[in-house]
2 protein chains.
Amino acid sequence: MGDVALRAGVAKTTLYRRWAGKNELVVDAVAVLFDELELPDLGSLSADVQGVVLQFAALLERPETKTALMAVVAESTRDEALRTRIRDSIVARQKRLVLLGRERAQERGELPSEADPATAARTADLIFDVIAGAVVHRALVSAEPVDADWAQRFTVLLIAGLGATASGRVDQKPGGSV
Amino acid sequence: MGDVALRAGVAKTTLYRRWAGKNELVVDAVAVLFDELELPDLGSLSADVQGVVLQFAALLERPETKTALMAVVAESTRDEALRTRIRDSIVARQKRLVLLGRERAQERGELPSEADPATAARTADLIFDVIAGAVVHRALVSAEPVDADWAQRFTVLLIAGLGATASGRVDQKPGGSV
DNA sequence: GGAGTTACGCTACGGGTCGTAGCGTATGGA
DNA sequence: TCCATACGCTACGACCCGTAGCGTAACTCC
């Protein structure tokens with residue numbers, strides 16, 4: 001915090017006049033970093049997914065990003081208010097990427113239109129947790145590279161799974177396709 | 001740390017004689033917690049996946065587990081040695097669950113046998129990151145419940161994706177099934 | 001049985017960081 | 001000109017990690 005104030009050229013007390021504490025400041029900083037993510041139209045759902053995966057991985061490779069993100073998530077484990085703040089400021093904002101990607105895929109005819117809005121929202125949440133969770137886990141927990149090959153393999157898995165989810169295969173015993 | 005020593009009924013210095021520092025102790029503690037995970041044979045790949053997802057989620061709901069895990073992962077962001085220690089003590093150990101689940105599914109005929117061992121290993125790593133990452137992200141970042149409904153939806157997605165991965169569908173533009 | 005080794009307990013301390021109190025100061029508008 | 005608002009600065013309290021140094025008990029080995 002002293003370092004932050006130093007780099008910002010302000011007094012430490014000024015930081016505490018704008019943010020309630022270290023956690024709040026870090027959440028806001030991370031939220032700004034995540035706003036760099038974009039979803040250019042690469043022509044297919046597969047390419048879009050791979051693109052965002054590699055982009056997210058590149059963001060997570062930057063020391064400030066991964067350290068700040070994980071530190072604040074770890075802290076949120078013991079602070080309910082911080083947890084909701086993370087969800088509102090970071091998670092909810094980036095769901096736009098999933099919604100935009102799905103919309104484009106539907107326009108291309110790669111995914112069917114959603115019938116039930118509630119189911120559509122739950123599916124979007126599922127997709128978001130799968131993508132973000134897998135990339136974070138691969139990069140920061142397993143500590144192995146998120147390269148083009150991995151992104152490609154992950155995308156194959158995800159999109160095939162998406163097809164099953166979208167086609168209403170919600171029986172109690174899935175996996176009958178093999 | 002003072003609290004740990006107090007609860008253990010030993011002096012703080014004794015802890016530092018057994019572990020190099022707080023991080024190493026926490027990694028070992030988390031590794032023990034993760035060893036509670038089991039993979040009972042529930043009769044189908046789908047049931048096995050749902051079972052382990054719910055079991056993992058229950059483990060992550062316990063305050064000690066989630067706080068300790070995320071704290072040490074966050075710290076590993078700035079400590080390469082700690083990072084490899086986490087990978088060796090926690091991640092690598094729990095890959096047994098994926099390998100066992102796949103083996104059973106192959107015996108049941110739900111998944112084909114692997115031709116290339118290297119590809120099989122990479123696929124196992126992918127599955128592990130997807131499962132662990134999605135559950136952790138859902139529970140601790142999105143801060144939404146990992147209940148039976150979510151586990152069921154996630155399993156449908158994963159197993160359908162597994163089918164695509166296993167059947168050698170590794171073309172540049174997947175998703176042609178929709 | 002005596003001497004040495006090993007492991008542990010205990011106190012005190014240094015270092016670092018978060019967050020706050022209190023006070024002085026400048027800027028900008030009425 | 002006066003007042004309100006915001007900022008800078010110093011000092012400080014509180015907390016926690018990790019270590020130094022020393023005393024002590026148990027255990028082994030001759």
Side-chain angles (χ1 to χ4, degrees), chain A residues 1-34 60-91 136 140-141 143, chain B residues 1-34 60-91 136 140-141 143:
Chain A
M1 287 291 119
D3 295 352
V4 172
L6 196 64
R7 282 189 53 181
V10 298
K12 199 173 57 168
T13 49
T14 302
L15 296 182
Y16 286 99
R17 288 188 180 107
R18 295 193 179 279
W19 287 275
K22 186 175 76 160
N23 295 326
E24 286 76 9
L25 184 148
V26 175
V27 169
D28 286 3
V30 172
V32 170
L33 289 171
F34 271 66
L60 283 183
E61 274 177 12
R62 287 155 59 181
E64 334 98 61
T65 310
K66 62 180 173 188
T67 299
L69 175 66
M70 298 314 286
V72 80
V73 167
E75 205 70 21
S76 76
T77 288
R78 304 185 299 169
D79 185 337
E80 189 63 29
L82 186 63
R83 212 165 106 158
T84 65
R85 192 182 176 107
I86 289 176
R87 193 182 50 195
D88 296 345
S89 300
I90 301 177
V91 178
V136 169
L140 302 186
V141 182
Chain B
M1 288 293 119
D3 296 351
V4 172
L6 197 64
R7 283 189 51 181
V10 297
K12 199 173 57 166
T13 50
T14 301
L15 296 182
Y16 285 100
R17 289 189 180 106
R18 295 193 179 277
W19 286 274
K22 186 175 75 161
N23 296 325
E24 286 76 7
L25 185 149
V26 174
V27 170
D28 286 3
V30 172
V32 171
L33 289 172
F34 270 66
L60 284 181
E61 273 177 13
R62 287 155 59 180
E64 335 98 59
T65 309
K66 62 180 174 188
T67 299
L69 175 66
M70 297 315 287
V72 81
V73 168
E75 206 70 22
S76 76
T77 288
R78 305 184 298 169
D79 185 338
E80 189 62 28
L82 187 63
R83 210 165 107 160
T84 66
R85 191 181 176 108
I86 289 176
R87 192 182 50 194
D88 296 344
S89 300
I90 302 176
V91 177
V136 169
L140 302 185
V141 182

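All values reported here derive from a predicted model rather than from experimental measurement. Numbered from 1 within each chain, the chains take letters A, B, ... in sequence-line order. All values below were derived from every heavy atom in this structure, side-chain atoms included, with hydrogens, water molecules and symmetry-related copies excluded.
Separating the CH2 atom of B:Trp19 from the P atom of D:dC17 is a distance of 15 Å, rounded to the nearest angstrom. Atom-to-atom, CD of B:Glu24 to P of D:dC17 comes out at 13 Å; the value is rounded to the nearest Å. Note: CG (B:Leu15) to C1' (C:dG9) measures 12 Å, nearest angstrom.
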Pair up each side-chain donor or acceptor in residues 3-16 of chain B with any protein partner under 3.5 Å, not counting sequence neighbours, and list the distances.
none

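Around atom CZ of B:Arg62, more than 12 heavy atoms belonging to other residues, nucleotides or ligands sit under 6.0 Å away.
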Heavy atoms under 4.0 Å is the rule here; annotate nucleotides 11-25 of chain C 5' to 3' with B where the base is hit, S where only the sugar-phosphate is, and - elsewhere. B------SBBB----
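Taking every heavy atom of residues 65-80 of chain A and every atom of DNA chain C, no pair lies under 4.0 Å.
Counting all heavy atoms, side chain and backbone alike, A:Val27 lies closest to A:Ile90 at O-CD1, 4.1 Å. Shortest non-hydrogen contact noted between B:Val30 and B:Ala68 is CG2-CB, 3.6 Å. Nearest heavy-atom pair across A:Ala143 and B:Arg87 is O-NH1, 3.5 Å.
The shortest distance between side-chain heavy atoms of A:Glu61 and A:Lys66 does not fall below 4.5 Å. Side-chain contact between A:Arg85 and A:Asp28: present, with at least one pair of heavy atoms (C-beta onward) separated by less than 4.5 Å.
Side-chain N/O atoms of B:Thr14 include none lying less than 4.0 angstrom from OP1 or OP2 on C:dC8.
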Test B:Phe34 against B:Thr65 for side-chain contact (heavy atoms from CB on, under 4.5 Å), laying out the working first. CA-CA 9 Å; B:Phe34 270 66; B:Thr65 309; 4.3 Å; yes
